[in-house]
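Written out below as structure tokens is the structure these notes cover.
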Amino acid sequence: PPSCLVPGAGLGRLALEISSLGFVSQGNEFSYYMMICSSFILNHTQEANEWTIYPWIHNNCNSLSDKDQLRAVSFPDIHPSSAGITEGFSMCAGDFVEVYNEESQESAWDAVVTCFFLDTAHNIVEYIEIISKILKDGGIWVNMGPLLYHFADAYGPDDDMSIELSLEDVKRVAYHYGFVMEVRGLCTIN
């Protein structure tokens with residue numbers, strides 16, 4: 001089956017959905033908080049809607065009524081093992097640049113799906129370069145998300161540098177690394 005990498009996978013839902021479509025799918029996540037929650041949901045859930053949280057309980061903003069603030073949310077909406085995931089489904093902990101900028105990862109993936117991920121980079125050019133390296137010839141990169149740049153307001157002497165490009169410049173960088181935009185948001189590597 002084709003392989004798909006989902007960097008910045010969070011709790012792993014998108015990687016799980018892609019796996020259930022028949023792909024070998026790997027989610028990559030840097031945050032151990034996300035990985036702990038992902039592991040809990042994927043490995044310890046016994047049934048759909050088993051867990052309930054109250055995400056707005058401590059937030060008084062924009063509530064139309066007390067009932068809104070006290071609204072419960074149950075999860076997961078599906079039992080992970082009944083989602084039809086393939087044997088090739090996995091989650092990989094670590095920094096995207098450190099994990100996938102390895103020779104063993106070159107031309108390893110048929111697709112890369114980045115959802116709300118690109119703007120997490122200190123250096124977005126480096127992310128795009130690595131995506132171009134790890135895709136097989138004819139591979140597809142699907143991207144969705146803003147360019148909010150998580151490190152844009154970090155100005156202290158101990159802060160890492162952040163490169164914040166406009167969408168126009170992001171497209172130029174992608175073209176430079178061989179991507180061809182087929183549909184806005186869908187690129188292939190030549």
Side-chain angles (χ1 to χ4, degrees), residues 1-100 105 108-121 124 127 130-131 134-136 139-151 183-187:
S3 59
C4 181
L5 174 65
V6 183
L11 298 180
R13 179 59 184 256
L14 181 57
L16 181 135
E17 294 286 347
I18 290 169
S19 178
S20 71
L21 295 173
F23 287 78
V24 170
S25 177
Q26 182 173 83
N28 164 245
E29 180 55 50
F30 177 73
S31 167
Y32 285 109
Y33 296 112
M34 290 289 192
M35 290 296 291
I36 289 168
C37 293
S38 172
S39 176
F40 178 76
I41 294 168
L42 292 171
N43 299 312
H44 300 286
T45 297
Q46 301 298 313
E47 61 184 322
N49 298 312
E50 181 175 358
W51 314 106
T52 302
I53 60 173
Y54 296 84
W56 300 281
I57 194 78
H58 297 292
N59 187 349
N60 296 319
C61 298
N62 297 315
S63 293
L64 298 177
S65 71
D66 293 336
K67 188 169 61 174
D68 293 337
Q69 192 174 353
L70 300 173
R71 189 173 56 177
V73 174
S74 296
F75 69 95
D77 60 330
I78 58 169
H79 187 272
S81 67
S82 68
I85 57 177
T86 66
E87 286 183 22
F89 174 74
S90 63
M91 291 291 288
C92 174
D95 179 78
F96 173 72
V97 172
E98 292 177 14
V99 174
Y100 296 97
Q105 292 293 324
W109 300 93
D110 294 297
V112 174
V113 177
T114 51
C115 183
F116 290 78
F117 174 70
L118 280 186
D119 63 345
T120 66
I124 192 170
Y127 272 20
I130 292 169
I131 292 168
I134 65 177
L135 278 171
K136 295 176 181 176
I140 295 175
W141 170 28
V142 180
N143 177 60
M144 179 176 169
L147 295 175
L148 293 175
Y149 296 110
H150 294 214
F151 302 100
V183 177
R184 185 173 171 172
L186 175 65
C187 298

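These numbers come from the heavy atoms of this one structure, side chains and all, not from hydrogens, waters or symmetry mates. In what follows, residues are counted from 1 in the order of the sequence shown.
Pro80 has its side chain out of reach of Ile85: every pair of non-hydrogen atoms, C-beta onward, lies at least 4.5 Å apart. Between Phe23 and Pro2 the shortest side-chain heavy-atom distance falls below 4.5 Å. Inter-residue side-chain proximity for Val97 and Tyr127 is flagged as met; some heavy-atom pair is nearer than 4.5 Å. Side-chain atoms of Asn143 and Ile131, non-hydrogen and from C-beta on, never get closer than 4.5 Å to each other. At a threshold of 4.5 Å between non-hydrogen side-chain atoms, the residues Ile124 and Tyr149 count as touching.
Between Asp68 and Ser63, the shortest heavy-atom contact is OD2-C, 4.2 Å. Residues Gly12 and Ser38 come closest through the heavy atom pair N-OG, 4.4 Å. Nearest heavy atoms, Ala15 versus Ser25: O-OG, 2.9 Å. Of all non-hydrogen atoms in Val24 and Pro1, the two that sit nearest each other are CG2-CG, 3.7 Å. A pairwise comparison of heavy atoms in Ala48 and His79 identifies CB-N, 4.0 Å as the closest pair. Closest non-hydrogen pair, Cys61 versus Asn59, comes out as N-OD1, 2.8 Å.
No more than 12 heavy atoms of other residues, nucleotides or ligands sit less than 6.0 Å from atom CG of Asn62. Other residues, nucleotides and ligands contribute at most 12 non-hydrogen atoms within 6.0 Å of the CZ atom of Phe30. More than 12 heavy atoms of other residues, nucleotides or ligands lie within 6.0 Å of NE2 in His44, so this atom counts as buried by the packing criterion. More than 12 non-hydrogen atoms from other residues, nucleotides or ligands lie less than 6.0 angstrom from CD of Glu47.
Between atom SG of residue Cys4 and atom CZ of residue Phe89 there is a gap of 11.5 Å, rounded to the nearest 0.5 Å. To the nearest 0.5 angstrom, Glu29 atom CD is 10.5 Å from Asp95 atom CG. Expressed to the nearest 0.5 Å, how far CG of Asn28 lies from CE of Met35 amounts to 8.0 Å. In this structure, Met91 CE and Leu11 CG are separated by 7.5 Å, a value rounded to the nearest 0.5 Å. Interatomic distance, His150 NE2 to Phe117 CZ, rounded to the nearest 0.5 Å: 10.0 Å. Atom CZ in Phe151 sits 13.0 Å away from atom CG in Leu148 (nearest 0.5 Å).
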Practice item. Check step by step if side chain to side chain contact (heavy atoms under 4.5 Å, CB included) holds for Ile57 and Leu70. Key: CA-CA 6 Å; Ile57 194 78; Leu70 300 173; 3.2 Å; yes
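Of the candidates Thr120, Thr114, Leu5, Leu5 is the only one forming a side-chain contact (heavy atoms from CB on, under 4.5 Å) with Phe96.
Side-chain atoms of Thr52 do not come within 3.5 Å of backbone N or O of Ser74 as any donor-acceptor pair. Side-chain N or O atoms of Thr45 include one that pairs as donor or acceptor with a backbone N or O of Ile41 at under 3.5 Å. Judged by distance alone, with hydrogens and angles left aside, the side-chain atoms of Ser90 form no donor-acceptor pair with the main-chain N or O of Gln26 at under 3.5 Å.
Residues in residues 73-82 take part in these salt bridge (Lys or Arg N to Asp or Glu O under 4.0 Å) pairs, two or more places apart or across chains: Arg13-Asp77.
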